[in-house]
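Structure record follows, encoded as structure tokens.
Values reported hereafter were calculated over all heavy atoms of this structure, with side chains retained and with hydrogens, waters and symmetry mates removed.
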Amino acid sequence: MSSPTGEVYRIDWLPGTDVLHGTCHCGAEHTAQDPVRMWEWMLAHPEGHTPHGPAPEGHEPPKEAPHE
């Protein structure tokens, strides 16, 4: 059994849509409708990842448009 790496990947479904919003362990965010594409993006780290710093209180970083 391997030991945990501490890397956390998060994928949330945006209710009322077919859109998934993913956050990589590096802080980069991505949206996609296809779960396979989302995981391909996640696991391709660091390719295509632009980390976002912590957002100021009450502000969220801009979201990317869904990728087809």
Practice item. Working to the nearest 0.5 Å, report the span between CG of Leu20 and CH2 of Trp41. Key: 12.0 Å
**Study point:** Flag side-chain contact, heavy atom, 4.5 Å: Thr23 against His30
**Key:** no
**Study point:** Pairs where residues 11-28 contributes a residue and the test salt bridge (Lys or Arg N to Asp or Glu O under 4.0 Å) is met, not counting sequence neighbours
**Key:** Arg10-Asp12
Revision key, fill the gap. Across all chains, not counting sequence neighbours, the side-chain contact (heavy atoms from CB on, under 4.5 Å) partners of His25 are Glu7, Tyr9, His45
Review point. Can you get from Val36 to Met42 by hopping between Ile, Leu, Val, Met, Phe, Trp and Tyr side chains that sit under 4.5 Å apart?
Key: no
Review point. Should Val19 and Trp13 count as side-chain neighbours, where that means a heavy-atom distance under 4.5 Å?
Key: no
Check your understanding: With sequence neighbours left out, what residues match Val8 under side-chain contact (heavy atoms from CB on, under 4.5 Å)?
Key -> none
